[in-house]
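The structure displayed is predicted, hence computed values, not measured ones. Atoms considered below: every heavy atom in the structure, side chains included; atoms not considered: hydrogens, waters and symmetry mates.
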Amino acid sequence: MPNDPGEPPIKRSQVAPVTPPLVLVFGPLDPSGSDGLPADAVTCARLGCHGLAAVTALTVQDTAGIEEIHPVSPDLLDDQARCLLEDMSVQAIKVGGLYTAETASVAAQVAADYSQVPLVLHLGQRAQLPADAADEDEADDLLAATLELVLPQTDLLVIEHLRLAQWHADGDIDIGDAPTPMHALVAAGAEWVLVLGSPQRPGHFANVLLGPGGQTHTWPWQTPPDRNGDAGGLAATAITAMLARGLEMPEAVRQGLAHADASVAASFLPGMGRRIPNRILPQ
């Protein structure tokens with residue numbers, strides 16, 4: 001119905017645009033969307049954040065496995081991250097999928113220069129198995145650089161129990177006088193450490209968060225469906241998004257784990273390999 005000539009014209013209501021929290025993710029470009037940057041962008045959007053990307057590597061992979069990994073140069077990674085950080089105010093950073101000691105050094109320096117921004121480090125990104133002694137040496141150098149350089153900049157370290165136990169058994173992590181490997185990681189500089197799937201007693205597992213002053217929080221660990229991939233990256237991204245939204249660490253971890261559990265429980269099988277978590281479930 002047209003307006004009466006004597007009335008002011010009806011105007012479409014205007015809503016001021018709201019900038020969502022910004023999350024910068026260091027990680028690989030996984031073309032299958034099962035992990036890495038494409039998946040992390042979906043997780044960030046689903047949890048009310050806008051994801052920014054610093055690509056650490058390009059991969060050739062499908063749901064069955066990784067065929068090739070092509071790490072980017074340290075200079076290119078540094079340029080990507082700083083270009084974004086100098087332009088926008090980032091509320092949280094997630095680091096996952098570092099493939100060389102040199103790129104670990106870049107991530108550590110960027111984190112040090114932006115130490116006011118919460119940083120979540122996920123140790124355990126899927127990778128190719130070492131083909132020879134040279135590959136094993138490179139993997140050892142990467143882990144050593146990550147623990148020495150990135151870990152001290154970390155607000156939260158996320159790691160699966162099986163991987164942490166294996167590194168401890170192999171002598172890659174020296175716990176010294178610490179009672180457990182996760183206590184050793186806190187002593188090495190991480191403010192908080194979250195271990196996923198930690199055994200509590202026979203047949204019972206939990207996600208355990210250890211923080212300053214020995215603070216400890218536990219949540220039930222849910223057994224993932226068959227043929228499901230590692231969900232640590234999903235949990236780390238969800239927690240990073242919660243930190244970007246201003247939640248304190250224990251609550252950010254609780255809500256991030258709940259989102260990851262729901263996504264994994266609803267995972268789907270699009271190909272001949274692993275299941276992919278359903279990251280677009282309604283809240």
Side-chain angles (χ1 to χ4, degrees), residues 21 23-28 30 33-49 51 91-98 118-127 146 150-151 154-165 181-182 185-186 190-200 205-211 216-225 228-245 247-268 274-281 283:
V23 174
L24 174 59
V25 180
F26 286 74
D30 172 358
S34 59
D35 203 353
L37 295 175
D40 285 345
V42 174
T43 299
C44 287
R46 188 66 198 83
L47 296 177
C49 297
Q91 278 71 53
I93 298 172
K94 177 206 169 186
V95 175
L98 299 172
L119 184 143
V120 175
L121 171 64
H122 174 225
L123 284 180
Q125 187 84 21
R126 288 176 62 200
T146 303
V150 186
L151 186 66
T154 299
D155 292 84
L156 172 67
L157 169 65
V158 179
I159 187 169
E160 293 71 27
H161 166 75
L162 290 177
R163 190 176 299 271
L164 180 58
M182 71 183 305
L185 292 171
V186 170
E191 184 173 2
W192 297 83
V193 173
L194 174 64
V195 176
L196 304 176
S198 178
Q200 302 299 292
F205 301 85
N207 299 315
V208 181
L209 177 68
L210 176 67
T216 305
H217 304 262
T218 61
W219 297 271
W221 178 79
Q222 298 185 11
T223 303
N228 202 80
D230 176 7
L234 168 57
T237 305
I239 294 167
T240 307
M242 295 301 177
L243 291 173
R245 289 169 52 179
L247 275 64
E248 296 296 326
M249 186 63 73
E251 182 60 17
V253 172
R254 186 188 70 81
Q255 293 196 28
L257 288 174
H259 175 81
D261 286 345
S263 299
V264 170
S267 60
F268 56 97
R274 298 171 182 265
R275 304 178 70 90
I276 295 179
N278 187 342
R279 292 172 169 81
I280 57 175
L281 285 174
Q283 292 291 87

With a 4.5 Å cut-off on side-chain heavy atoms, are Thr240 and Asp40 touching? no

Taking the side chain as every heavy atom from C-beta outward, state whether Met242 and Met249 have any pair of such atoms under 4.5 Å apart. no

With side-chain contact (heavy atoms from CB on, under 4.5 Å) as the criterion, how do Val208 and His161 come out once you've worked through the C-alpha distance, each side chain's angles and the decisive distance to 0.1 Å? CA-CA 10 Å; Val208 181; His161 166 75; over 6 Å; no

Under the rule for salt bridge (charged side-chain N to carboxylate O under 4.0 Å, His left out), what residues qualify as partners of Arg254, not counting sequence neighbours? Glu251

Under 4.5 Å between any side-chain heavy atoms of Trp219 and Val253, yes or no? yes

Nearest non-hydrogen partners of Gln200 and Ala206, listed with the distance: CG-CB, 3.7 Å

What's the shortest heavy-atom distance between Asn278 and Ala266, and which atoms? CB-O, 3.3 Å

Given the options Thr154, Val193, Leu210, Leu185 meets side-chain contact (heavy atoms from CB on, under 4.5 Å) only with Val193

Would you say Gln222's side chain and Pro220's backbone share a donor-acceptor pair under 3.5 angstrom? no

Quick check: closest heavy atoms across Phe268 and Pro277, and the distance to 0.1 Å? CE2-O, 3.8 Å

What distance separates Ser263 OG from Ile276 CD1, expressed to the nearest 0.5 Å? 12.5 Å

Can you tell me how far the NZ atom of Lys94 sits from the CG atom of Leu121, to the nearest 0.5 Å? 10.0 Å

Test applied, side-chain contact (heavy atoms from CB on, under 4.5 Å); reference residue, Val120; option that passes from Leu157, Leu194, Val158: Val158

Can you measure from OG1 (Thr237) to CG (Leu47) and round to the nearest 0.5 angstrom? 9.5 Å

Closest approach of Pro250 and His217, non-hydrogen atoms and distance? CG-NE2, 3.8 Å

Between His122 and Ala236 the two heavy atoms that sit nearest each other are CB-CB, 3.9 Å

Once you round to the nearest 0.5 Å, how far does CG of Leu151 lie from CG of Leu123? 7.5 Å

Partners passing side-chain hydrogen bond (donor to acceptor under 3.5 Å, both in side chains) against Asn207 (at least two apart in sequence or in another chain): none

Check whether the side chains of Thr43 and Arg279 place a donor and an acceptor atom closer than 3.5 Å, and report yes or no. yes

For Ser267 and Asn228 the tightest heavy-atom approach is OG-OD1, 3.2 Å

Would you say the side chain of Leu156 lies within less than 4.5 Å of the side chain of Leu209, judging by non-hydrogen atoms? yes

Rounded to the nearest 0.5 Å, the OG atom of Ser198 sits from the CD1 atom of Ile159 at a distance of 11.5 Å

